[in-house]
Amino acid sequence: MTSYIYDPKFRGLFFQALTLVITIFVGWWIFDNTTENLARSNTASGYQFLNGRAGFDIGQSLIPYTSDSTYGRAIFVGFLNTLLVAAVGIVTATIIGFLIGIGRLSRNWLIAKLCTIYVEVFRNIPVLLVIFFFYKGVLGALPQVRDSLELPFSMFLNNRGLAFPRPIWGDGAILIPIAFVVAIIVALVIARWAKARQAATGQPFHTGWTAMALIIGLPLLAFILGGMPLTFDYPVAGRFNLTGGSVIAPEFVALYLALAFYTASFIAEIFRAGIKGVPKGQTEAASALGLQPSTTTRLVVMPQAMRIIIPPLTSQYLNLTKNSSLGIAIGFPELVATGGTTMNQTGQAIEVVSIWLAVYLSISIVTSIFMNWFNAKMALVER
């Protein structure tokens with residue numbers, strides 16, 4: 001018996017089995033206790049409530065929704081809004097963070113100090129205060145509807161949002177997304193061919209310009225061949241309101257800007273640390289070969305810095321996605337807001353919270369899997 005106690009393999013298996021037994025016991029205890037409390041309070045359990053009539057409106061929806069829609073559809077609308085603000089926020093935060101991170105390394109004293117001030121200000125303010133700043137301090141100062149600012153291209157800006165012409169696609173519009181997908185596939189094929197060609201012959205190929213021409217040109221050609229199936233529903237200014245068109249709600253804009261600018265301050269430091277982590281000899285060698293500083297950054301520094309940048313960058317993407325739940329503070333109808341209204345009307349707290357947990361966990365896992373794949377693709381292959 002003594003030999004088993006001091007055997008590392010045995011001890012490892014024993015403690016793993018013990019942890020599994022404790023986890024199962026705790027899970028069973030929570031489930032049994034919850035079931036007993038629900039039965040004692042005569043509270044119905046299950047997800048049948050999702051088929052019931054919601055009875056409340058949602059200000060912004062990417063899919064058709066009315067108060068007669070179901071609770072399930074209302075929660076799905078909130079889920080889509082969460083994905084929307086997370087997607088555009090991640091893209092914007094990455095671009096701003098990259099520029100600010102590069103700016104902090106600039107030899108220009110003014111640019112470096114301004115970027116430093118940006119990072120220190122946004123990084124040390126709670127994100128909820130940043131959301132309120134954009135919502136109350138910036139967008140709240142816009143004029144009333146009757147005094148809307150008229151912008152080019154028939155757009156109007158007021159404290160209810162940005163009204164713009166709504167595109168209406170005709171029958172031949174299906175050709176455009178098909179052409180877009182085909183263009184992406186062809187661009188990827190050309191990129192692989194160009195990489196193999198350069199490895200074999202050393203001759204470069206302008207893959208970027210070719211891909212841009214395909215992605216823009218093919219959909220444009222499909223648009224022309226389809227008979228230009230596009231018309232617009234223009235917003236019209238009335239005495240007390242705007243009619244027609246589409247509106248980007250100020251709640252969405254405030255949440256989007258706050259999350260993007262706040263997260264960009266952290267991403268900027270990640271980029272700066274990644275670039276500083278590349279040995280100085282790499283840039284010196286590139287300079288000795290006669291490469292321009294911009295070319296050195298693009299082809300020498302950044303590919304090596306990405307190995308350092310991607311892992312912490314994943315955490316910031318996850319934080320931005322989860323911080324979108326703070327949109328409930330300003331009335332943005334994201335997942336937590338629509339789920340909270342559903343929970344208040346139905347009393348199905350456990351079910352709604354379980355939906356929140358499942359959705360955010362799924363988004364986080366998918367994001368992590370993609371970023372891990374991207375990290376593996378960017379890793380340098382050692383010979």
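Below, each value reflects all heavy atoms present in this structure, side chains not excepted, and no hydrogens, waters or symmetry copies.
By the side chain to side chain donor-acceptor pair (under 3.5 Å) test, Ser354 is found to be paired with Tyr47, residues two or more places apart in sequence or in another chain being considered.
In terms of modelled atom types and a separation under 3.5 Å, the side chain of Gln304 and the main chain of Val300 share a donor-acceptor contact. A donor-acceptor pair is defined here as one N or O able to donate and one able to accept, closer than 3.5 Å; such a pair exists between the side chain of Glu334 and the backbone of Ala337. Not a single donor-acceptor pair under 3.5 Å links the side chain of Asn33 to the backbone N or O of Trp29. Of the possible polar contacts, one joining the Thr263 side chain to the Leu259 backbone as a donor-acceptor pair under 3.5 Å is found.
Residues Met302 and Ile275 meet the side-chain proximity criterion, which asks for heavy atoms closer than 4.5 Å. Put simply, the side chain of Leu162 reaches to within 4.5 Å of the side chain of Leu151, judged on heavy atoms.
Summarising the geometry of Ala260 relative to Ala93, their closest heavy-atom pair is O-CB, 3.5 Å, with the distance given to 0.1 Å. Between Ser106 and Ala112, the shortest heavy-atom contact is O-CB, 3.8 Å. Closest non-hydrogen pair, Ala268 versus Val119, comes out as CB-CG2, 4.1 Å. When all heavy atoms of Pro311 and Asn375 are compared, the pair lying nearest together is CG-ND2, 4.2 Å.
Remark: aromatic rings of Phe261 and Phe134 are close, center separation under 6.0 Å. Annotation: Phe271 is in aromatic contact with Phe98 [ring centroid separation under 6.0 Å].
For the residue pair Thr346/Tyr71, the side-chain donor-acceptor check at 3.5 Å is not satisfied.
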Practice prompt. Begin with the C-alpha distance, continue with both residues' side-chain angles, and end with the deciding distance and a verdict on side-chain contact (heavy atoms from CB on, under 4.5 Å) for Ile63 and Phe76.
Written response: CA-CA 9 Å; Ile63 59 175; Phe76 186 67; 3.6 Å; yes

Fill in: Candidate pair Glu269 and Phe266, rule side-chain contact (heavy atoms from CB on, under 4.5 Å), full reasoning
CA-CA 5 Å; Glu269 287 297 273; Phe266 293 91; 5.9 Å; no

Worksheet item: Stepwise, does the side-chain contact (heavy atoms from CB on, under 4.5 Å) test hold for Gln144 with Asn158?
Response: CA-CA 6 Å; Gln144 300 289 331; Asn158 53 61; over 6 Å; no

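Sequence neighbours left out, the pairs with a member in residues 63-75 that pass salt bridge (charged side-chain N to carboxylate O under 4.0 Å, His left out) are Arg53-Asp68.
Atoms CD1 and CD1, on Ile355 and Ile350 in that order, are 12.5 Å from each other to the nearest 0.5 Å. Atom-to-atom distance recorded for Leu257:CG and Ile131:CD1 is 11.0 Å, nearest 0.5 angstrom.
Taking a 6.0 Å sphere around CD1 of Ile178, one finds it holds more than 12 heavy atoms contributed by other residues, nucleotides or ligands.
Aromatic ring pairs are classed by plane angle as parallel below 30°, tilted from 30° to 60° and perpendicular above 60°; the pair Tyr65 and Phe56 is tilted.
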